[in-house]
Amino acid sequence: MSDMITADLVDLDLSADTKEAAARALAARMVARGRVTDLEGFLADVAAREAQMPTGLDGGIGIPHCRSAHVTEPTLAFGRSAAGIDFGAADGPADLIFLIAAPAGADDAHLTILSSLARQLMNAEFTAALRAVGDARTAAALIRGDMTPSDARAVASAPEDTAAAPVAASTGAAAGSTARTPEADDPAVAGTGTGAEDGSGGRPFRIVAVTSCPTGIAHTYMAAESLENAGREAGVELVVETQGSAGFARLDPAVVAAADGVIFAHDVPVRDKDRFAGKPTVDVGVKAGINRAAELITEVRGKAARGEVSAPAHTPAGTPVERAGDSTEGYGTKLRKWLMSGVSYMVPFVAAGGLLIALGFAIGGWQVNKAPSVMDHFVWTQTDSWGALLFQIGGVAFKFLVPVLAGYIAYGMADRPGLVPGFVGGAIALDINAGFLGGLAAGLIAGGVVLAIQRVRIPPVMRGIMPVVVIPLLSSAVVGFLMLVVIGKPIASAQKGLTDWLGGLTGTNAVLLGALLGLMMCFDLGGPVNKVAYTFATAGIAVADPSDSAMKIMAAVMAAGMVPPLAMALATTVRGRLFTTTERENGKAAWVLGASFISEGAIPFAAADPLRVIPSSMVGGALTGALSMLFGATLRAPHGGVFVVPLIGNPFLYLVAIAAGVCVTTALVVLLKGLRTRAPESAAAGSTADPAGTTKGTGQPIAA
């Protein structure tokens, strides 16, 4: 870390009052040193990382960090704030702020050095010394490891004319004095102690842990250090596998096998989680590993004493949904994730099939759906043949929609064993005209049946054939019976009723439905509610010959989804002073994202100011959806934004509907943000002006 931080990258009197201002002040020092090439681009990357999860830690520490293409070499800047800056920590503002900048292609050695700093921040003596140092050179030496915390404190308390001597004296040699002992560095013996002999055979209790965070630079290693420290204090053997950006060294299988308990402290899915199946497990976020390490150790020991274990080793250790989430999630949350798992795998088929069908109509005309098979009749020089080819390929893609939906709902519930019965149930739903509703039911039933079979105690000799023979056979038979004999016909009737109802929507009812769908599309900008509306629309056109009402619904949904990012782009253009520099940069990208029907382009704005952006977007989206239905615009393609305007019925009025929603949302956002800005200005003017209308202390008139 010798050149990663220098004295000119240290600000011991950081005057910023917000985390954005603090990041800007420290990043400006990096720019001055040539470590960062684009200040605004780098700050945008820092803000994007901050949006994933606040970087404030208990103990008065803020550690904003990111990997960025605008960083030339791994760099660390440090600032100390007397007033404290809110970085989202539970215990209040941070006075020690570290800005870590890693290049997009940083090598493992540099990332390892950065991780060592993260571990030092768990050392109370180290942070106390940073709060006591009086000059930037000493602070930089302490952070680099050229000076021990005790030497730094000695410098801080020494007379000014002798303060520089320990810095030089401790360079190099002192770095070794802060090195951890071999016992501490060896994970096999880390935390070994006495008084905790509740493992088998009278040995100390053994825990294996995995830590990981989205960036894999700071929190991953801080959680590891915190857990190791707590393990030593508790007298247990604790080994941590850090799954960070520098890669990860897999724990020895023998160490995992000998462990009495497991702790997962992670914000991204644990890699190869099945290795830890069948043991008492505590599964939490990475910040809990930093802030509540001792509690986690107590919790896992309690689970071991009660005999509570995770899924046995011969079955998958949790479903894909469970592996990516919190083990304490309720069934409502899991149900939503199961359904979204199916939808997320279905959407690419919708996009590919829908666009191909739409292009087929555009090239071959509206009668292309009646063309013979291109296997029997295809003329290379005729556009009708090419239109029929595209239409028929798209039709084949559409046939996968319901089976894929059902199969991957079951996959989200029961992992790979759920795929076979899920696909079988989805295909049956397609055959009996149960459609989208049938696919939902088939997926949930298939997943439930597989989970029930997996709970049956199986003799060891049978376990090898369970996943490839027994589970697919039994689950497919049960799902097929239920779909064909028991629930298939009622669901098909319900699907037909829904289709007939949509086909009969006219006038006010159609306009109200368009407004409702517009509200849903703009409520969470790509989240579950948005996806429900989008899936509802795509299910209607997922046939070779969709009804006119279904195509109107698809048009309304896509139009409303384009409004939020386009409105944010327009707002940053017409009233840029109401937005931060980063938001203005995001606004440029939002033009393209909105035009492409990517609602997520408005998320940075909604995250920064949800109370103004989201309601404004919902009003504009509802207006656009209602107008689209009123104008009778139709759309056969499920995606594409302005790039599929030639495929839209009544394209001019359709664009008018979008423009109206964008203008309304823009006006509301500008108005609400303007009110917020003027209120503080008015208060400030009132506190500094005297009754005569002059600024106190200057005698000058207040500027208009």
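Positions are given from 1 along the sequence.
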Novice: Excluding sequence neighbours, so at least two apart, what forms side chain to side chain donor-acceptor pair (under 3.5 Å) with S617?
Specialist: none
Novice: Roughly how far, to the nearest 0.5 Å, is the CG atom of L440 from the CD1 atom of I445?
Specialist: 11.0 Å
Novice: As an exercise, state the distance from NE2 of H266 to OG1 of T211, rounded to the nearest 0.5 Å.
Specialist: 10.5 Å
Novice: Please test E237 against F205 for side chain to side chain contact (heavy atoms under 4.5 Å, CB included), starting from the C-alpha separation and ending with a verdict.
Specialist: CA-CA 6 Å; E237 293 185 3; F205 192 84; over 6 Å; no
Novice: Look up atom CZ in F276 and atom OG1 in T281, then write down how far apart they are to the nearest 0.5 Å.
Specialist: 9.0 Å
Novice: Locate the shortest heavy-atom distance separating A560 from G621; write the atom from each residue and the value.
Specialist: CB-O, 3.6 Å
Novice: Can you sort out the partners of S596 under side chain to side chain contact (heavy atoms under 4.5 Å, CB included), two or more places apart, ordered by chain and number?
Specialist: V592, I598, F643
Novice: CG of L238 to CD1 of I297: how many Å apart, nearest 0.5 Å?
Specialist: 5.5 Å
Novice: Under the side chain to side chain contact (heavy atoms under 4.5 Å, CB included) rule, what do I409 and L444 come out as? Steps first, then yes or no, please.
Specialist: CA-CA 6 Å; I409 288 174; L444 294 171; 3.9 Å; yes
Novice: Once rounded to the nearest 0.5 Å, what's the spacing between atom CD1 of I614 and atom CE of M618?
Specialist: 8.5 Å
Novice: Taking all atoms of both residues into account, what is the closest heavy-atom pair of G418 and V450, and its distance?
Specialist: CA-CG2, 4.0 Å
Novice: If you define the side chain from C-beta out and look only at heavy atoms, does anything of V236 sit under 4.5 Å from R206?
Specialist: no
Novice: Kindly write out the residues that satisfy side chain to side chain contact (heavy atoms under 4.5 Å, CB included) with E299, not counting sequence neighbours, or none if the list is empty.
Specialist: V282, L296, K303
Novice: Walk me through whether M520 and V557 qualify under side chain to side chain contact (heavy atoms under 4.5 Å, CB included).
Specialist: CA-CA 9 Å; M520 295 174 68; V557 162; over 6 Å; no
Novice: Checking I432 now: which residues fulfil side chain to side chain contact (heavy atoms under 4.5 Å, CB included) with it, not counting sequence neighbours?
Specialist: I428, A434, L484
Novice: Between E241 and R275, does any NZ, NE, NH1 or NH2 come within less than 4.0 Å of an OD or OE carboxylate oxygen?
Specialist: yes
Novice: Would you mind reporting whether I290 and E225 have side-chain heavy atoms less than 4.5 Å apart?
Specialist: no
Novice: Do F423 and Y411 make a side-chain contact, defined as non-hydrogen atoms from C-beta onward lying under 4.5 Å apart?
Specialist: no
Novice: Considering residues at least two apart in sequence or located in another chain, which fulfil the side chain to side chain contact (heavy atoms under 4.5 Å, CB included) criterion with D431?
Specialist: none
Novice: Would you list the atom pairs, donor with acceptor, under 3.5 Å between side chains in residues 389-407 and any protein atom, with sequence neighbours excluded?
Specialist:
residue: Q392; atom: OE1; partner: V374; partner atom: N; Å: 3.1
residue: Q392; atom: NE2; partner: P372; partner atom: O; Å: 2.9

Novice: Please give me the minimum heavy-atom distance between P417 and I471, naming the atom from each residue.
Specialist: CB-CG2, 3.9 Å
Novice: For the residue pair S475 and I453, establish whether any side-chain heavy-atom pair is separated by less than 4.5 Å.
Specialist: yes
Novice: Which heavy atom of V240 sits nearest to which heavy atom of A224, and what is that distance?
Specialist: CG1-CB, 3.5 Å
Novice: Ignoring hydrogens, what is the shortest heavy-atom contact between A234 and R301? Give both atom names and the distance.
Specialist: O-NH1, 3.8 Å
Novice: Going through the checks in order, is the side chain to side chain contact (heavy atoms under 4.5 Å, CB included) test met by V256 and D252?
Specialist: CA-CA 7 Å; V256 176; D252 188 330; over 6 Å; no
Novice: Calculate, to the nearest 0.5 Å, the distance between atoms CG and CE belonging to L517 and M558 respectively.
Specialist: 14.0 Å
Novice: Side chains of I263 and I207: closer than 4.5 Å at any heavy-atom pair?
Specialist: yes
Novice: Over all heavy atoms of both residues, which pair between A410 and G447 is shortest? Give the atoms and the distance, please.
Specialist: CB-N, 3.8 Å
